[in-house]
Amino acid sequence: DCHYVSGNLKAEKRMENVKKLLGLLGLKSERLRLEWISTSEGERFAEVVADFTEQLRKMEPNPLRAEVNPRVPENTKDVISKAVKKTNVQYCLECGKCSSSCPISKLNDAYSPRRTVEKILLGFENRVLSGTDLWTCLTCFTCTERCPSDVKFPEFVRACRSLASKEVLEELCAHRGIPMALSRIMMNPNIKQERMGWLPNGAEISPKNDLLYFVGCLPYFDVAFEDFNLNLLKIPQSVVKVLNKVGIKPAMLRNEKCCGHDLLWTGDLENFEKLAKMNVADFKKTGATRIVTACPECYRTLKKDYAERL
């Protein structure tokens, strides 16, 4: 028998959170089940498996059944060549201002934006694409702000990430990859989310309005970061209350999808563009000409990246 009490408690807590996420996605939390069964209870194990299997059979088919869409491999040389020209990395003066201001370089002497660019320009792109440097960059744009040659290193990193090893990304991915997984799930047209339970009592919203409030992934983050007691749902609740206070009943999307920020900045450009097009189509249905959001990543993505990529 297992006597690792803290491990069991963590497993139980994580299962509760995953069930909440399944509920928000409209996939039904009953698709996941946790049972405590001793190794000596073979008969009970068989009963639980049979019962759960029968329970799943009675449910609607899983809307997330995999679709085979083979990805056409990109030409590494072409992608890098275009990125070099677009981001001005060929104008690097090797002055070192990027490395001296980079927050990662201050903690890790081996990391340097300048050296990453140099390796690419000298033809060692395979070494860069299979390493960790591309995924270590925070894309904070501090180096770009201080570069005398206007080298857009974060945008160069973003382009190269579309070619880089995804195995390395999986090892380093923040928050266990939850944001990216949620983005890809929301792209499925069969998903009907149940994400509006946070609305405060008496809140007034509208299916159509000149102004749309884009919530972002806050309902999901409230579950994912529950242990930190951040009370993230107070943010959208406050936004709606403020808008109502000034007489605005904002349009809101009951099946709102992620803006796609994390997909874009991890190099999944194909899925980002698919998600962006779905969002724009939903925006148009509301008749909105203005979009309000409390999320800085959503703001940048909707205002700048959508305009550039679509």
Side-chain angles (χ1 to χ4, degrees), residues 20-21 23-26 139-141 154-155 158 175 178-180 182-189 191-226 228-266 268 271-310:
K20 290 177 182 177
L21 292 175
L24 286 170
L25 288 166
T139 62
C140 65
F141 281 85
E155 294 182 16
R158 184 176 69 186
H175 312 309
I178 290 176
M180 287 182 293
L182 290 172
S183 298
R184 295 190 178 101
I185 290 174
M186 290 182 210
M187 287 174 55
N188 191 304
I191 289 293
K192 304 299 178 188
Q193 301 173 76
E194 298 177 6
R195 50 175 291 156
M196 302 293 284
W198 57 266
L199 275 171
N201 292 331
E204 295 182 283
I205 62 173
S206 172
K208 290 192 174 185
N209 197 304
D210 173 64
L211 184 142
L212 169 74
Y213 172 39
F214 189 83
V215 181
C217 294
L218 278 171
Y220 293 97
F221 292 163
D222 187 63
V223 174
F225 305 127
E226 191 175 64
F228 296 100
N229 298 315
L230 300 175
N231 296 317
L232 295 175
L233 292 181
K234 286 187 176 180
I235 298 173
Q237 289 170 349
S238 298
V239 171
V240 173
K241 288 178 180 178
V242 169
L243 291 173
N244 285 173
K245 191 70 174 178
V246 295
I248 298 174
K249 299 178 183 178
M252 292 183 64
L253 302 172
R254 293 189 176 276
N255 196 33
E256 182 188 287
K257 301 170 183 63
C258 173
C259 69
H261 174 276
D262 284 16
L263 292 179
L264 175 63
W265 287 94
T266 52
D268 192 350
N271 281 325
F272 168 76
E273 290 184 5
K274 287 181 181 178
L275 187 61
K277 288 176 181 177
M278 295 172 74
N279 278 331
V280 170
D282 288 340
F283 296 160
K284 289 180 178 178
K285 292 176 184 177
T286 68
T289 58
R290 295 176 296 165
I291 298 177
V292 170
T293 181
C295 172
E297 288 186 353
C298 291
Y299 175 80
R300 184 221 146 84
T301 304
L302 296 175
K303 183 175 178 62
K304 181 176 173 61
D305 298 322
Y306 275 30
E308 291 179 357
R309 305 293 307 187
L310 299 183

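Values below: all heavy atoms of this structure, side chains included; hydrogens, waters and symmetry mates excluded. Here the structure is a predicted model, which is why all the values come from computation and not from measurement.
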Would you check, one step at a time, whether the test side-chain contact (heavy atoms from CB on, under 4.5 Å) holds for Ile205 with Tyr213?
CA-CA 9 Å; Ile205 62 173; Tyr213 172 39; over 6 Å; no
When you check the side-chain N and O atoms of Asn271 and Asp268, is any donor under 3.5 Å from an acceptor?
yes
Determine whether Met252 and Met196 make a side-chain contact, defined as any pair of heavy atoms from C-beta on separated by less than 4.5 Å.
yes
Report the distance from atom [atom1] of [X] to atom [atom2] of [Y], rounding to the nearest 0.5 Å.
X: Leu263; Y: Glu273; atom1: CG; atom2: CD; answer: 11.5 Å
X: Ile235; Y: Thr293; atom1: CD1; atom2: OG1; answer: 10.0 Å
X: Asp282; Y: Lys257; atom1: CG; atom2: NZ; answer: 4.5 Å
X: Phe221; Y: Phe228; atom1: CZ; atom2: CZ; answer: 13.0 Å
X: Ile178; Y: Leu21; atom1: CD1; atom2: CG; answer: 6.5 Å

Looking only at heavy atoms, what is the nearest atom pair of [X] and [Y], with distance?
X: Asp262; Y: Thr266; answer: O-OG1, 2.6 Å
X: Leu212; Y: Ala288; answer: CB-CB, 3.6 Å
X: Gly260; Y: Phe272; answer: O-CD1, 3.2 Å
X: Val240; Y: Ala203; answer: CG1-CB, 3.8 Å
X: Cys298; Y: Gly216; answer: SG-CA, 4.0 Å
X: Asp222; Y: Leu232; answer: OD1-N, 3.2 Å

With sequence neighbours left out, what residues match Asn244 under side chain to side chain donor-acceptor pair (under 3.5 Å)?
none
Contacts of Gln193 meeting side chain to side chain donor-acceptor pair (under 3.5 Å) (sequence neighbours excluded), chain-then-number -> Tyr220, Asn255
Set of side chain to side chain contact (heavy atoms under 4.5 Å, CB included) partners for [X], sequence neighbours left out:
X: Cys258; value: Ser183, Met186, Cys217, Leu275
X: Leu211; value: Asn209, Leu243, Ile248, Pro250, Arg290, Val292
X: Glu256; value: Arg195, Phe214, Val215, Leu253
X: Val242; value: none

What class does the angle between the rings of Trp265 and Phe141 fall in, given that below 30° is parallel, 30 to 60° is tilted and above 60° is perpendicular?
perpendicular
Can you confirm whether Tyr299 is buried at OH, in the sense that more than 12 heavy atoms of other residues, nucleotides or ligands lie under 6.0 Å from that atom?
no
Using the salt bridge (Lys or Arg N to Asp or Glu O under 4.0 Å) criterion, which residues pair with [X]? Sequence neighbours excluded.
X: Arg254; value: none
X: Glu226; value: Lys13, Lys20
X: Asp305; value: Arg158, Arg300
X: Lys304; value: Glu308

Sequence neighbours excluded, every pair satisfying salt bridge (charged side-chain N to carboxylate O under 4.0 Å, His left out) that has a member inside residues 230-246
none
Closer than 3.5 angstrom, by distance alone: can the side chain of Gln237 be matched with the main-chain N or O of Trp198 as a donor-acceptor pair?
yes
ring-ring contact (aromatic ring centres under 6.0 Å, His included) pairs touching residues 230-260, sequence neighbours excluded, are none
